[in-house]
Number of protein chains: 2
Amino acid sequence: MTPTDAQLAHLEKAAAILRVVAHPARLRILQLLEGGEKTVTEIYTALDLPQAYTSQQLNLMKSKDVLASRREGPQVFYRIANRNVLKIIHCVCAESAVETDLA
Amino acid sequence: MTPTDAQLAHLEKAAAILRVVAHPARLRILQLLEGGEKTVTEIYTALDLPQAYTSQQLNLMKSKDVLASRREGPQVFYRIANRNVLKIIHCVCAESAVETDLA
DNA sequence: TTAAAATATGCAGATGCCCTAATATATGAG
DNA sequence: CTCATATATTAGGGCATCTGCATATTTTAA
């Protein structure tokens, strides 16, 4: 069964979203943002990551529509913008489910 | 908040699983295997992929414990071996949910 | 044991991602 | 305007992944 162009495009999009999430630092950021929007400083401080590196990851995720942002004065708040990303994180980061299935 | 070693290991494992799934051809294979175990030939025939390439992807997924296999005579049947992988596929490949959120 | 079918492996060029360091830009206070 | 804080961008070396191609291995039948 050869996939149609639309199906291929859809697969590539799904894979692209998963590639964004498939990264330890980005997973940590996403987990943190489950608690609500946060500024860049709050994020890299909480996770003990370099500022520039954190900003890169945030912008990457935003460019892939996984995050959205909102400026308030000198600060920028990031938040999760994709409902499916939340579901994926729950599949992978739920304590009970993961310890048995993934670990 | 610096993560503990155990937390880091867990994140890396979750990310590793996601990396395996984050690939168009592997997603197609996994979707196909949702319908039950299949032989290599059934898979590469159904998906119109090169045999060697398909075998590589299958072995990769098996090495990461995403798939399991069972030999029956000259044929090898592959099946999904990780419940969370199924959940992830559903997050990403469910028709209605995806068109609106990921596409 | 020879042949055919089914599956697996090795290799290699190309591409892309990871992460660090340095630097640039934007915003608001004074 | 100048400074300090907050955020973003650029550059680059190193490493892993992608994927086509050739070939090897395994299994069964004859």
Side-chain angles (χ1 to χ4, degrees), chain A residues 2-3 8-9 11-30 32-33 37-79 81, chain B residues 2-3 8-9 11-30 32-33 37-79 81:
Chain A
T2 308
L8 272 183
L11 279 168
E12 183 42 61
K13 237 159 214 166
I17 296 284
L18 287 169
R19 270 197 304 273
V20 171
V21 181
H23 184 285
R26 293 195 287 267
L27 274 177
R28 292 183 68 203
I29 293 174
L30 290 168
L32 182 64
L33 289 182
E37 64 174 12
K38 304 237 177 325
T39 69
V40 179
T41 297
E42 286 175 324
I43 295 168
Y44 80 75
T45 299
L47 302 184
D48 195 33
L49 294 172
Q51 179 273 321
Y53 181 68
T54 305
S55 183
Q56 282 175 10
Q57 303 303 337
L58 291 171
N59 279 294
L60 169 62
M61 290 195 272
K62 184 182 173 185
S63 77
K64 299 289 167 60
D65 293 321
V66 166
L67 297 184
S69 68
R70 154 180 91 81
R71 169 154 245 143
E72 190 173 310
Q75 314 186 337
V76 176
F77 289 81
Y78 282 87
R79 65 181 179 281
Chain B
T2 307
L8 272 184
L11 279 169
E12 183 42 61
K13 239 158 212 169
I17 296 284
L18 287 169
R19 269 199 304 273
V20 172
V21 181
H23 183 284
R26 293 195 288 266
L27 274 177
R28 292 183 69 204
I29 293 173
L30 291 167
L32 183 64
L33 290 182
E37 65 175 10
K38 301 236 179 327
T39 68
V40 180
T41 296
E42 285 175 325
I43 295 168
Y44 81 75
T45 297
L47 303 183
D48 195 32
L49 293 172
Q51 179 273 321
Y53 181 69
T54 304
S55 182
Q56 282 174 12
Q57 302 304 338
L58 290 171
N59 278 295
L60 169 63
M61 291 195 271
K62 184 183 173 184
S63 76
K64 299 289 167 60
D65 293 321
V66 166
L67 296 184
S69 68
R70 154 180 92 81
R71 167 156 246 143
E72 191 173 309
Q75 314 186 338
V76 177
F77 289 82
Y78 281 88
R79 64 180 179 279

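Chain identifiers are assigned alphabetically (A, B, ...) following the order of the sequence lines, protein sequences preceding nucleic acid strands; residue numbering begins at 1 within each chain. Computation of the quantities below employed the complete heavy-atom set of this structure, encompassing side-chain atoms and omitting hydrogens, waters and symmetry-equivalent molecules.
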Length of the line joining B/E42:CD and C/dA5:C1', which is rounded to integer Å: 15 Å

Over how many whole Å does the gap from B/K62 atom NZ to C/dT7 atom C1' extend? 11 Å

For the residue pair A/V76 and A/L58, establish whether any side-chain heavy-atom pair is separated by less than 4.5 Å. no

Measure from the side-chain heavy atoms of B/N59 and tell me the nearest of C/dT9, D/dT9, D/dT7. C/dT9

Hey, does B/T39 reach any base, or is it just sugar-phosphate, or nothing, if we go heavy atoms under 4.0 Å? sugar-phosphate

Are side-chain heavy atoms of A/L33 and A/K38 found at a separation under 4.5 Å? yes

In whole angstrom, what separates B/Q75's CD from C/dA8's P? 11 Å

Tell me, do A/V40 and A/Q75 make a side-chain contact under 4.5 Å, heavy atoms counted? no

Atom CD of A/Q51 to atom P of D/dA4: distance rounded to whole Å? 18 Å

Is any side-chain nitrogen or oxygen of A/S55 closer than 4.0 Å to OP1 or OP2 of D/dT9? no

A/D48 CG to C/dC19 C1', in whole Å, measures 15 Å

Using only side-chain N and O atoms of A/Y78, determine if any of them is under 4.0 Å from OP1 or OP2 of D/dA8. yes

Quick check: do B/L32 and B/Y78 have side-chain heavy atoms less than 4.5 Å from each other? no

Rounded to whole angstroms, how far apart are CG on B/L58 and P on C/dT7? 10 Å

Side-chain N,O (A/T41) to OP1/OP2 (D/dT5) below 4.0 Å: no

With a 4.5 Å cut-off on side-chain heavy atoms, are A/L67 and A/R79 touching? no

May I have the distance from B/L18 (atom CG) to D/dA16 (atom C1'), rounded to whole angstrom? 17 Å

Using the 3.5 Å cut-off, write out each protein N or O paired with an N or O of nucleotides 25-30 of chain C and the distance between them.
none

Expected output: side-chain A/E42 to main-chain A/T39 donor-acceptor under 3.5 Å: yes

Give me the distances for all protein-to-nucleotides 17-19 of chain D N/O pairs that come in under 3.5 Å?
residue : atom : partner : partner atom : Å
D/dC18  : OP1  : B/R26   : NH2          : 3.3
D/dT19  : OP2  : B/H23   : NE2          : 2.8
D/dT19  : OP2  : B/Y53   : OH           : 2.6

To the nearest angstrom, how far is B/M61 atom CE from C/dT7 atom C1'? 15 Å

Please tell me if the side chains of B/Q56 and B/L60 come closer than 4.5 Å, counting only heavy atoms from C-beta onward. no

